[in-house]
Each structure stands twice: as structure tokens, then as C-alpha cells.
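Comments concern the structure below.
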Amino acid sequence: MIKRILIIFFLVNGMMTKAQEINEKFGSIQQFDHFVSQFVDARNISVWLPNNYSEKDKYTVLYMHDGQMLFGNEHTWNKQSWEVHKTATALITENKTQAFIIVAIDNNGLKRHQEFFPKKDFELLTEEQKDFVSNELLKKGKIDQPLHPISDNYLKFIVTELKPFIDKTFSTKTDREHTFIAGSSMGGLISLYAICEYPKVFGGAACLSSHWSGIYQLENNPVPETFFAYLKEHLPNPKKHKIYFDYGDQTLDALYPTLQQKVDVIMTEKGFTSTHWITNFFPGKDHSEQAWRERFHIPLEFLMGSK
């Protein structure tokens, strides 16, 4: 297969952007560098468009976190990527999903935990517990300053700044039923937080290998109980929203089975059934982009099955 790279620079709504054609099979990407926000630091936004994208049609929108890890492994820190453009192209071509675009939001490096850790969950901790959680993350090198989650601001950025820009710039279906959000690990947590905090905006969330432990350990860990307590009070309408969870049992995912099972109990108690919620267990699978890439088609079909 001949790879074809074509990069064109142009202005969109006064913002310099560039369109990159990936190759003849997997659509194109428009990248908006240094997208400025009043709520969080500026970052790059990449928008994947399927083959034959047309302004005459309307497209479902999938927002995804950790945008640096989604489209190719050439520049990722671990030389792995989700390659979401390939999965999405196959599903759309085979009519297994609605036609959709992907909005990839770059993470903010060492501020990733600050942006992705659900703030209202964190506020359920005592001051002593907050200090403990913060110190554990500092010791593990996950943050470089005490933890003070700004996830509410991160979601405000997506909902009140990014989404209006996307809906103005591209031919999208703007309603809840056609707006979804997805991520893995901490990205899974913030995706779930998004649908809980903005149930009128997001119709579904895909949460792969959700980082229920919060601080990379099970022992002496107050974090999971705050997640559970929050969900009991804030899960969205089980008849109007779809939520997907999964997990493996290797590397970091080895921490998740017992915690995800407790979440599943809460989902059942809150009225979710298999029509609007599934949890999948993948024995032998680890916490990596390769593992998520292999199974990403499952949540996409569940959330955006062809209608």
C-alpha cells in the first residue's frame, strides 16, 4: 500500500490549522495547534474525518482524551498507539456504526492527573486523605505539584469551548444522542465523570481500563470508595445514556477486577441493563494502547451502532 501524506495549512475561524491526509484508505486529520481556552492550558486538537466526508451530511462526534496516543506510534512515548483511524474506517465502511468524526484532545503532560481526576470525588476525601493521595502521586512521579483537581474546568473547556467550535467548523449532529466521549485509564475516569456531570451533552461514554485505584495501589487506599459514592448519586438516566466499561488482569489492570465488580453492582442498583451498559473482562490483557486498540471496536459498536 502506498502511503500518501499531504499537509495543507489554512485558516478556520481565524485559527491556523493544517489538514493531513493519512493515506488513501484511512481518512484525514485536521490539526488545530495551540487551541486556547479560558479554563485550561492551550493544547493541540486533532479532528479525524472519514473517507468521503461531506458537508452535505451530518456526523456523530466522538471526543477522546490523550490525543497524542491515538493516531500513530511514531511520536508516542511508548511507541504504541490506538490507531483509531483504522478501527473507525473499518466500522464505518462495514456499516457497523454510524458515520462519525473523532475529536482527539491532547493531554497536558504532568497536569494530566490534575485534569482527569474527578474533582467532586476528590472533595469527598478528608483533608488528611487528600494529602495522602497527593503525596502518593508525587512519590510515583505522576504529578509535579500537590493534587488539586481541575477536572471541572477541563470539562467546561470541552463542553463550552471545544464542542461549539467543532459544531461550527464541521458538519455534525449536535444533540446528546450523537455526542460521545471515550478514554482509557484516567481517561476512562474523566469520560465517566463527563457523562455524569453533563448528561444533557453526552449520550454515551466508553471507559476502558478505568483507573479506579486512583493512586496505583489497593492497600490503604481511600480513593475507590469516593468514586463509588459519587456514582451512587450522579449516574445519568439509565434509559437515555450508554456506558461501556472493560478491564484486563495484567500489569496495571491487575488492580481493577475487584473494583470494577463493585462498580457493576452500582450500575445494576441504579437501573442500568445490558441495553445501555456493558462491562467486558479480557483475561490476559494488559494496560496498554495495543490492548485497547485490539478491542476498541467493541465500545464503538455498542455506543454508535448503525441506525
With a 6.0 Å cut-off on the ring centroids, do [X] and [Y] count as close?
{"X": "Tyr247", "Y": "Phe281", "value": "yes"}
{"X": "His178", "Y": "Phe100", "value": "no"}
{"X": "Phe116", "Y": "Tyr193", "value": "no"}

- [ ] Tell me whether Leu138 is reachable from Leu147 by hopping between hydrophobic residues (I, L, V, M, F, W, Y) whose side-chain heavy atoms are closer than 4.5 Å.
- [x] yes

- [ ] For ring pair (Phe, Tyr, Trp, His ring centres under 6.0 Å), just list the numbers for Phe296 and Trp82, CA-CA rounded to whole Å, side-chain angles, deciding distance to a tenth of an Å, and then say yes or no.
- [x] CA-CA 8 Å; Phe296 191 46; Trp82 292 55; 5.0 Å; yes

TODO: Using the ring pair (Phe, Tyr, Trp, His ring centres under 6.0 Å) rule, take Tyr230 and His234 through it: C-alpha gap first, then chi angles, then the decisive distance, then the call.
DONE: CA-CA 6 Å; Tyr230 172 85; His234 296 282; 4.3 Å; yes

- [ ] Supply the atom-to-atom distance Lys163 NZ to Asp167 CG, rounded to the nearest 0.5 angstrom.
- [x] 4.0 Å

Task: Interatomic spacing from CD in Gln250 to OG in Ser288 - rounded to 0.5 Å - done: 11.0 Å

- [ ] Verify salt bridge (charged side-chain N to carboxylate O under 4.0 Å, His left out) between Glu269 and Lys232, making sure each step is shown before the conclusion.
- [x] CA-CA 9 Å; Glu269 291 175 347; Lys232 290 176 182 178; 5.5 Å; no

Open item on the list: How about CG on Asn52, more than 12 heavy atoms from neighbouring residues, nucleotides or ligands closer than 6.0 Å, or not?
Closed with: no

Open item on the list: If you count heavy atoms of other groups shown closer than 6.0 angstrom to CD of Glu55, is the number above 12?
Closed with: yes

For the pair [X] (side chain) and [Y] (backbone), establish whether a donor and an acceptor sit closer than 3.5 Å, ignoring hydrogens and angles.
{"X": "His276", "Y": "Phe272", "result": "no"}
{"X": "Ser134", "Y": "Lys130", "result": "no"}
{"X": "Thr126", "Y": "Gln129", "result": "yes"}
{"X": "Asp41", "Y": "Asn108", "result": "no"}
{"X": "Glu161", "Y": "Gln38", "result": "yes"}
{"X": "Arg293", "Y": "Ser81", "result": "yes"}

Task: Parallel, tilted or perpendicular: rings of Phe117 and Phe122 (30°, 60°) - done: perpendicular

Task: NZ or CZ of Lys86 within 45° of Phe26 ring axis and under 6.0 Å - done: yes

Determine all donor-acceptor pairs shorter than 3.5 Å in which one atom belongs to a side chain in residues 212-221; sequence neighbours excluded.
{"from": "Trp212", "atom 1": "NE1", "to": "Gln260", "atom 2": "OE1", "distance (Å)": "2.8"}
{"from": "Ser213", "atom 1": "OG", "to": "Tyr216", "atom 2": "N", "distance (Å)": "3.3"}
{"from": "Tyr216", "atom 1": "OH", "to": "His113", "atom 2": "NE2", "distance (Å)": "3.4"}
{"from": "Gln217", "atom 1": "OE1", "to": "Lys140", "atom 2": "NZ", "distance (Å)": "3.1"}
{"from": "Gln217", "atom 1": "NE2", "to": "Glu219", "atom 2": "O", "distance (Å)": "3.1"}
{"from": "Asn221", "atom 1": "OD1", "to": "Val223", "atom 2": "N", "distance (Å)": "2.9"}
{"from": "Asn221", "atom 1": "ND2", "to": "Ser213", "atom 2": "O", "distance (Å)": "2.7"}
{"from": "Asn221", "atom 1": "ND2", "to": "Gln217", "atom 2": "O", "distance (Å)": "2.7"}

All N/O donor-acceptor pairs, side-chain side in residues 202-210, below 3.5 Å, sequence neighbours left out:
{"from": "Ser209", "atom 1": "OG", "to": "Asp253", "atom 2": "OD1", "distance (Å)": "3.3"}
{"from": "Ser209", "atom 1": "OG", "to": "Asp253", "atom 2": "OD2", "distance (Å)": "2.8"}
{"from": "Ser209", "atom 1": "OG", "to": "Trp292", "atom 2": "NE1", "distance (Å)": "2.9"}
{"from": "Ser209", "atom 1": "OG", "to": "Arg295", "atom 2": "NH2", "distance (Å)": "3.1"}

Open item on the list: Please determine whether side chain to side chain donor-acceptor pair (under 3.5 Å) holds for the pair His65 and Tyr154, giving the CA-CA distance in whole Å, both sets of side-chain angles, and the decisive distance to 0.1 Å.
Closed with: CA-CA 11 Å; His65 315 287; Tyr154 177 69; 2.8 Å; yes

Open item on the list: Whether Glu294 and Lys285 form a salt bridge (side-chain N of Lys/Arg under 4.0 Å from carboxylate O of Asp/Glu) is what I want to check.
Closed with: yes

- [ ] Under the side chain to side chain contact (heavy atoms under 4.5 Å, CB included) rule, collect the residues that match up with Phe170, sequence neighbours excluded.
- [x] Gln30, Phe32, Val47, Leu49, Tyr53, Ile101, Ile166, Thr172

Answer whether the closest heavy-atom distance between the side chains of [X] and [Y] falls below 4.5 Å.
{"X": "Tyr198", "Y": "Lys156", "answer": "yes"}
{"X": "Phe180", "Y": "Val61", "answer": "no"}
{"X": "Leu192", "Y": "Leu231", "answer": "yes"}
{"X": "Gln31", "Y": "Ile45", "answer": "no"}
{"X": "Ile195", "Y": "Lys242", "answer": "no"}
{"X": "His34", "Y": "Val36", "answer": "yes"}

Open item on the list: The test is side chain to side chain donor-acceptor pair (under 3.5 Å); show your working for Trp277 and Thr279 and say whether it passes.
Closed with: CA-CA 7 Å; Trp277 153 61; Thr279 294; 2.9 Å; yes

TODO: Establish, from distance only, whether the side-chain atoms of Glu115 and Asn107 form a donor-acceptor pair under 3.5 Å.
DONE: no

Task: ring pair (Phe, Tyr, Trp, His ring centres under 6.0 Å) assessment of Phe302 paired with His297 - done: CA-CA 9 Å; Phe302 174 67; His297 65 284; over 10 Å; no

